[in-house]
Amino acid sequence: MADIKNILLVGVGGQGTILASKILSTALVNAGYDVKMSEVHGMAQRGGSVTTQIRYGEKVFSPIIGRGEADVMVCFEKMEALRWLDFVKPDGKLVINDYEIPSAPILVGKEPYPEGIIEDLSKKTEVSVFKAADIAKELGNPKTMNIVLLGALVKAMGIEDMDWDTFISMNVKKGFEELNIKAFRAGMAAI
Amino acid sequence: MKLLMTGNEAAARGAYEAGIIFASAYPGTPSTEILENLAGQYRDKVYSEWSPNEKVAVEAAIGAAIAGGRALVCMKHVGVNVAADPLMTFGYTGTTAGFVLVSADDPGMHSSQNEQDNRYYAKFAKIPMLEPSNSQEAKDFMPIAYELSEKWNTPVFFRMTTRVCHSKSIVEWGERTEAEHIKYVKDIKRYVATPAHAKPMREKVEERMKIMTEFANATDLNKPEYNGRAIGVISAGVAYQYAREVFGEEASYLKLGFTHPMPIETIREFASKVDKLYVVEELEPYMEEQIRAAGIDCIGKSVIPNMGELDTDRVRLGVYGKENPALQSEIKAADRPPTLCAGCPHRGFFYSLSRRKNVMVTGNIGCYTLGNAEPLFAIDTTICMGASISSGHGASKVFERTEPEMKVVSVIGDSTFFHSGVTSLMDIAYNGGSSVAVILDNRITGMTGHQQNPGSGYTLMGDPAPEVDIPALCVAMGIKKENIHIVNPNNLAENDAALDAALAAEEPSVIITKWPCVLKKPSREDRERFDLSKKQCRVDPEACINCGTCIGTGCPALFARNGKVEIDSGTCTGCGVCMQVCPFGAIEKAGE
């Protein structure tokens, strides 16, 4: 299974990991890979922790990534990096959005938002950190944060050379193609 | 055409290619998107509908199939419990045109109240079962299911699981073949299941079992793949994908696509050709039990967990006692349970309810189940669809006799009320109950992603439809008009007044909260009926002393920073609940 690449997108329900994964997997299928992708629906989408998983290679069996298998994990929210760390290879790459969404136990003061996440993880493996929310805001639409992060992920995966403009346009709402392509490029340039 | 599709998209495509003309379902994760796809992409050939519940959906599909049209019905695993009554007898009568029931199980309970293994339903009903393991099979098995259904005059059980439904893999499409219409012929002995007719039907069921078993042992759906002799693996569904990856190229496999009745002779032959036989299946030892009962030794649930979802890790750990190394950190993430959204109309009502003492709140299945969580803790029980009103009725009858100070409030969503709350409320009206039924009408089926229902004014196919008049329905069942209170749940004073009146009444009361789901795309009617202007709340830092009262509403848009509460402008929808609870008047609506 050495030829299979595993990509993990983690975040909070509603952050748009599914759309980002959809664009990425469209591109990978187009490049001729066998691709499997798993997503979460239902209750977990209501502000819970969510993952979308993409596996690609010559022949993929399991649709989900196992422990210690992810080559790259992109974290749409900082603390989620910790929760899904078990799924990342000891030398896997992390792309972290420096963005905090406090969960319910944090909001009611029962648990603190953990500190020192980026410092700790940077000691262990290759970590790229940037503020995707700020970039999306500067572009004029905070909702494009997921596409900014997709841009960074594609850079981390080293697959910048695909026809991203087309794959983005195929998957985003009509009239928002330009904006999302801009967001994608800004994300690629950010890490 | 080759496309990356979810199992649900592929199942819809497969049913379309099989020439179905009728599809019905009640939405439920992980099955919902099958009907959404049929109603979207294939609407010119297939009539699709959301039925009020799974039993109705199955019965409607039974009628369609007896009338001679190929029919599909889809539901989540627990939906089959609701629909079990017609299913069991339909297994006796059999069908005219092809009939397939998709049961989408949820191992690991991603979005369910239990993880029952519905493969036992196929065995229970003595009907054939197919289990796809990826999207291509979800599509390809459908036309096969319809052929078998018509060949054997039986409903077919099509069992999927969350990871088959919601994972995407590459699917090669086929073309639709129109099924020849089978002309309806009146046949009382065949379709009227009276005791006199059912006895011969029962015998036919046993004859069919024999024919199906012969098929199971002969079909390519159950195909061995011989590699090495040392290890043989029997598996089905998505578990096969995990096993294939863990055991690798060296092992031999018997992948089963047709799993009821079990192909015991094929298994016996496979077992004789390998030294060590593993059975890798998700949830219960459905296959293992039958393999062992046939006197074939195997290793199954002694190493593969019967609880939770499987994955490659759990299979590897069970079989080899090894796990992959992974990145680690000493820092621990705080929990992130799902919560009611910012602006969710359920929050206001649950906040009001959480202030009440000596009240038992019986809950139901839907987003509003999240009202049980911190900090509201406003739900005491959740069992199944519809249970809140009926179990609340039973509880109040006991409290009347044992703890008269205790009152009961039962909460239920609009779609759940139509699903199975109506008969429960009838029970209360008929039997002189005193509990309070609260219908949380957010104008849509929320949790599963906004499906229309009999109260929302539209059908699955997008056509306008009459809306159930909930207050009139309550009156018709015997609830007095003066005991029906309609409130805007974002208005806490209205909630409190309704709760005061309802809890004081010695007769059954109904509170209807009416406000659209905050995630719903408002319909034209929603815009006319509700003030959905987008004002946001903001905190005056001078007036805020960070007392935490607003945080106690559990709204995810509120957070404390530097001794003051702030409201996230990205998530606040201006519902105003925090503004109403603030004892210092420190929150106001921007733009007012």
Side-chain angles (χ1 to χ4, degrees), chain A residues 1 12-14 25-26 29 34-49 53 60-69 79-83 85-92 94 101-117 120-121 124-125 142, chain B residues 2-4 6 29-30 32-33 106 110-112 134 163-170 238 240-242 244-245 248 311-313 316 323-341 367 369-370 373-375 447-449 548 551-552 554-556 558-560 570:
Chain A
M1 300 299 146
V12 177
S25 48
T26 309
V29 171
D34 186 21
V35 179
K36 286 195 177 175
M37 168 183 158
S38 263
E39 51 195 48
V40 173
H41 295 225
M43 190 182 252
Q45 284 179 303
R46 303 284 175 264
S49 170
Q53 322 193 356
V60 181
F61 289 102
S62 167
I64 48 176
I65 295 173
R67 180 187 157 88
E69 285 183 349
M79 181 170 76
E80 293 310 307
L82 296 175
R83 196 181 319 280
L85 208 56
D86 269 6
F87 288 83
V88 183
K89 284 181 177 163
D91 60 347
L94 302 180
I101 304 176
S103 63
I106 296 170
L107 289 171
V108 300
K110 221 174 146 186
E111 289 183 64
Y113 193 100
E115 284 179 22
I117 298 172
D120 182 64
L121 297 179
K124 291 168 175 152
T125 191
Chain B
K2 269 187 172 183
L3 269 182
L4 200 58
T6 63
T29 312
T32 312
E33 299 82 5
D106 190 16
H110 291 274
S111 196
S112 303
N134 60 24
R163 293 297 179 181
V164 175
C165 294
H166 286 164
S167 68
K168 288 191 177 184
S169 50
I170 295 171
V238 75
Y240 165 76
Q241 307 290 353
Y242 305 142
R244 192 68 183 68
E245 202 158 309
D311 52 27
T312 49
D313 299 325
R316 189 180 294 113
E323 54 180 17
N324 291 335
L327 262 185
Q328 296 291 313
S329 171
E330 291 67 45
I331 310 173
K332 291 283 158 266
D335 280 347
R336 191 184 295 282
T339 51
L340 294 172
C341 303
C367 284
T369 312
L370 296 169
E374 191 169 28
M447 173 72 90
T448 42
I551 302 275
C555 177
L558 302 169
F559 57 97

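Just so it is clear, the model here is predicted, and its values are computed rather than measured.
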Which is it for Ser329(B) and Leu121(A) under the side-chain contact (heavy atoms from CB on, under 4.5 Å) test, yes or no, and what are the steps along the way?
CA-CA 7 Å; Ser329(B) 171; Leu121(A) 297 179; 4.1 Å; yes
With a 4.5 angstrom heavy-atom cut-off, which part of Val29(A) approaches chain B: side chain, backbone, both or neither?
side chain
Select one option (side chain, backbone, both, neither) describing which atoms of Glu330(B) are under 4.5 Å from chain A's heavy atoms.
both
Is Lys2(B) close to chain A through its backbone or its side chain, or both, or neither, when contacts mean heavy atoms under 4.5 Å?
neither
What distance do Thr339(B) atom OG1 and Leu107(A) atom CG have between them, rounded to the nearest 0.5 Å?
8.5 Å
Side chain, backbone, both or neither: which part of Asp91(A) has an atom under 4.5 Å from a heavy atom of chain B?
neither
After noting the C-alpha distance and the side-chain angles of Asp34(A) and Ile170(B), does the key distance pass the side-chain contact (heavy atoms from CB on, under 4.5 Å) rule?
CA-CA 7 Å; Asp34(A) 186 21; Ile170(B) 295 171; 4.0 Å; yes
Given heavy-atom pairs under 4.5 angstrom as the criterion, report whether the side chain, backbone, both or neither of Pro142(A) touches chain B.
neither
side-chain contact (heavy atoms from CB on, under 4.5 Å) for Arg316(B) and Arg67(A)? Distances and angles first, verdict last.
CA-CA 11 Å; Arg316(B) 189 180 294 113; Arg67(A) 180 187 157 88; over 6 Å; no
Between Leu558(B) and chain A, which part of the residue has a heavy atom less than 4.5 Å away: side chain, backbone, both or neither?
backbone
Between Arg336(B) and Ile101(A) (side chain of the first, backbone of the second, donor and acceptor by atom type, cut-off under 3.5 Å), is there such a pair?
yes
Here the gap from Arg163(B) atom CZ to Glu39(A) atom CD, rounded to the nearest 0.5 Å, amounts to 10.0 Å
Could you go step by step and tell me if Asp86(A) and Gln328(B) meet the side-chain contact (heavy atoms from CB on, under 4.5 Å) rule?
CA-CA 6 Å; Asp86(A) 269 6; Gln328(B) 296 291 313; 3.2 Å; yes
At a 4.5 Å cut-off on heavy atoms, which part of Ile106(A) comes close to chain B: side chain, backbone, both, or neither?
side chain
Verify, without hydrogens or angle tests, whether Ser169(B) (side chain) and Lys36(A) (backbone) share a donor-acceptor contact under 3.5 angstrom.
no
At a heavy-atom separation under 4.5 Å, does Asp313(B) approach chain A through its side chain, its backbone, both, or neither?
side chain
Side chain / backbone / both / neither for Cys165(B) at chain A, heavy atoms under 4.5 Å
neither
